[in-house]
Structure formats: C-alpha cells, structure tokens
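Okay, structure first, notes after.
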Protein chains: 2
Amino acid sequence: MNELEQKCIDAGLKMTGQRRVILEVLGNADDHPSVETVYLRSREKDTSISIATVYRTLNLLDQMNLVKKHDFNENHARFEANLENHYHFIDVQSGEVVEFKDEKLEQRLRELARELGFELVDRRVELYGHKKQQGTDDD
Amino acid sequence: MNELEQKCIDAGLKMTGQRRVILEVLGNADDHPSVETVYLRSREKDTSISIATVYRTLNLLDQMNLVKKHDFNENHARFEANLENHYHFIDVQSGEVVEFKDEKLEQRLRELARELGFELVDRRVELYGHKKQQGTDDD
DNA sequence: CTACATGCAAATTGTTTGCTAATAA
DNA sequence: TTATTAGCAAACAATTTGCATGTAG
C-alpha cells in the first residue's frame, strides 16, 4: 500500500477499489497528469472506473492537501502527488514540465510575504520558455 | 486615444467602436477584471457590445501581448493591461489582488532560467495567503 | 470594394451534481 | 446495518465558433 493510501485511511476515508487504483496511479506518476490522463491510466487497471469518480477523488485529495492541483495555462487542471515546495519550468513548445527547487528563491518569497504583512498559505512560481540547446522532449 | 489603441492601430487592427470602448476600459482599469467585468464596464459606454466580441478582443490582445491573461485559481480568467514584470499576492479570504515588484526575485528567476538552459518568455509568481493584521478588503 | 469584425445563438469543453445502486467498515 | 461512495447521465459555467450582416480602411 502506498503512502497516499495510508494517509487516506488515516483520514477516515473508505478505501474502495477505485480509490486504491487512482491513488496508485498518482503515487506512480512522475509527471503532472490531467484528470483525463489519471482516468485513462486508472482504466487500464480497472475498467469500471468512471471519470466522475476521478474528478471527485482528485478534488477530495486536493482539499485534503494530499495532492496539488495545478493550472499551467491550459484549459484543464493537472495534478501531482509531490507535496514538497517546488516550482515549474514549462516548455512552451513541447509542453514539457520541469520541476526545480531553489532555497534562495523560497527564502525571498517568504521575506516578501513578511514585508507585505501576509501569512503565506501557498505559492506558485512558473517559468515559461524554451530550451536554448536542442534537447529531447517529453513530460 | 490611449496607448493600447495606438498599439492596435500600429499592428494593423481595424479600430471599431467596440474595440475602442474595450481598450478604454482596459486602459482605465487598475484592477484585474474578468471577461464578465470588462463586458459590463464596456456595456456602460456602448450597449451594443456582445460578450463574444469581448472574448475575441481579449484573446486577440493576449496573443499580441498587449494584455496579460491571468488565472488566480478561480473558475474564470482575469486580464490586465499592466505589462511590466510584476507579481501578485492573492488574499485567499477577500480575493484581493495586490501587485508587487521585486528586483531580487526577478534576478533570481533569470539566474535560474539560465542555469537550467531556458530562454525565458514569461514568468508567473503568485503568493496566496491572508493579511496578518486586520485590513480593508477590495480588489 | 473587400477583408476583417460583430452579434447572435448554438456548440464545445472541462467540470459538477442528482439520483439510485453498491459497498466498506 | 448504514453512512459513504460509485456510476450514469443530465446540468453547468466559461469559452469558442458558424454564419449572416455590418463596416473600417
């Protein structure tokens, strides 16, 4: 059983077959799948899953802060189970999303929040651009 | 004639009455109006404007990089004519959006882009939180 | 004149929800 | 046993589009 599943059980959620599959898909993903993608990947393991359940589950997990919902300027949301603070480079040509962390940046953001008298509950840093050298592309 | 209007003419767009009104609304806005809001403000000056035209015009301006389209985790887009690099604090309680600039932050972002071999075409920094002290709220 | 822009209503897309049946605890 | 969850299809909300008409250049 993966980490997410344990957290859901701890939170008192009923562990249905569908949820188990969705949580496994999320736990295994190293990208930022859309609802549609989570749905398709889940279907490969259990054909009975409906997209309504995927929506409900992802929204539930997002509210519980067990996954993070993203909007990379597309017309659909994306999700990821990586909860550590990190940021994203989005290649505007290939759609590739690259994660990165940076302590200096993180520190400056906290500083700015303090200066402006804000209690920080979330942050979002996205850099859009394209690779300077030639490179492979995938997400 | 405002700056936006001039830029549109320079770009070879036909300057219709509807566009003139929409551009004026955008030029005067010091907030981040949604399509609906731009539509309503425009209607006050010209009842004949349809929301389809507002959508088409805003999308066009966005593509031409004359306005910036935002998504502050709501269910609709927002727009602003302020093209200078700046960032946003979003008060998750009141919905208030506060703009800020920061050279240190800007510099760090450029550095990171360079380190990762990215040509930067756009950036997005949003801090979500709430005011620590009591304050007024509006957008 | 003519290519571009508008209004209207219908279509699309991503997402949510009401309802009944199924099921985890 | 019973509150929670799932599936299905209908409902929604934001946005886009086809088409006939209008108009800036």
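Letters A, B, ... are given to chains in the order of the sequence lines, protein chains preceding strands, and every chain is numbered from 1.
Applying the 6.0 Å contact sphere to CD of B:E84 captures no more than 12 heavy atoms from other residues, nucleotides or ligands.
Atom CD1 of A:I51 and atom C1' of D:dC8 are 13 Å apart (whole Å). Between A:L60 atom CG and C:dT17 atom P the separation is 13 Å, expressed in whole Å. What separates NZ of A:K69 from P of C:dT16 is a distance of 5 Å, to the nearest Å. In this entry the distance linking CG of B:N59 with C1' of C:dT6 reads 15 Å, nearest Å. Rounded to a whole Å, the CG atom of A:N75 is 11 Å from the P atom of D:dT17. The nearest whole Å value for the distance from the CG atom in B:D62 to the P atom in D:dT16 is 10 Å. Spacing between atom CE of A:M64 and atom C1' of D:dT4 amounts to 14 Å, rounded to whole angstrom units. Atom CD in A:E74 sits about 17 Å away from atom C1' in D:dA14, given to the nearest Å.
A salt bridge is absent between A:K132 and B:E115; no separation between the charged side-chain nitrogens and carboxylate oxygens falls under 4.0 Å. Ionic pairing of B:R123 and A:E126 is not present here: no N-O contact between side-chain nitrogen and carboxylate oxygen is shorter than 4.0 angstrom. Between A:D46 and A:R19, none of the side-chain N atoms (NZ, or NE/NH1/NH2) sits under 4.0 Å from a carboxylate O, so this pair counts as no salt bridge. By the 4.0 Å N-to-carboxylate-O rule, A:D62 lies too far from A:K68 to be salt-bridged with it.
Taking 4.0 angstrom as the limit, B:S50 places none of its side-chain polar atoms (N or O) nearer than this to OP1 or OP2 of C:dC8. Taking only side-chain nitrogens and oxygens, B:Q18 never comes nearer than 4.0 Å to OP1 or OP2 of D:dG22. Distances shown here put every side-chain N or O of B:R56 at or beyond 4.0 Å from the OP1 or OP2 atom of C:dA5. Side-chain N/O atoms of B:Y55 include one lying less than 4.0 angstrom from OP1 or OP2 on D:dT15. Of the side-chain N and O atoms in B:T57, none sit less than 4.0 angstrom from OP1 or OP2 of C:dA5. A sub-4.0 Å separation between OP1 or OP2 of C:dG7 and a side-chain N or O of B:T53 is present. Here A:T16 reaches the OP1 or OP2 of D:dA6: one of its side-chain N or O atoms lies under 4.0 Å away. Distances shorter than 4.0 Å separate none of the side-chain N or O atoms of B:S48 from OP1 or OP2 on C:dT6.
Checking B:L13 against B:A77, the closest nucleotide of DNA chain D that is more toward the 5' end is the one next to B:A77.
Taking the side chain of B:K14 as heavy atoms from C-beta on, and the options C:dG14, C:dA3, D:dA14, the nearest nucleotide is C:dA3. Of all nucleotides listed (C:dC4, C:dT17, D:dT15), C:dT17 comes nearest to the side chain of A:A52.
Ring-plane geometry between B:F118 and A:F89 is classed as parallel, the angle between the planes falling under 30 degrees on a 0 to 90 degree scale with a further cut at 60.
Judged by distance alone, with hydrogens and angles left aside, the side-chain atoms of A:T53 form no donor-acceptor pair with the main-chain N or O of A:I49 at under 3.5 Å.
Relative to the axis of its first five pairs, the axis of the last five pairs of the helix from C:dC1-D:dG25 to C:dA25-D:dT1 sits at 40°, rounded to 10 degrees.
If you chain together ILVMFWY residues whose side-chain heavy atoms come under 4.5 Å of each other, B:L83 ends up in a group of its own.
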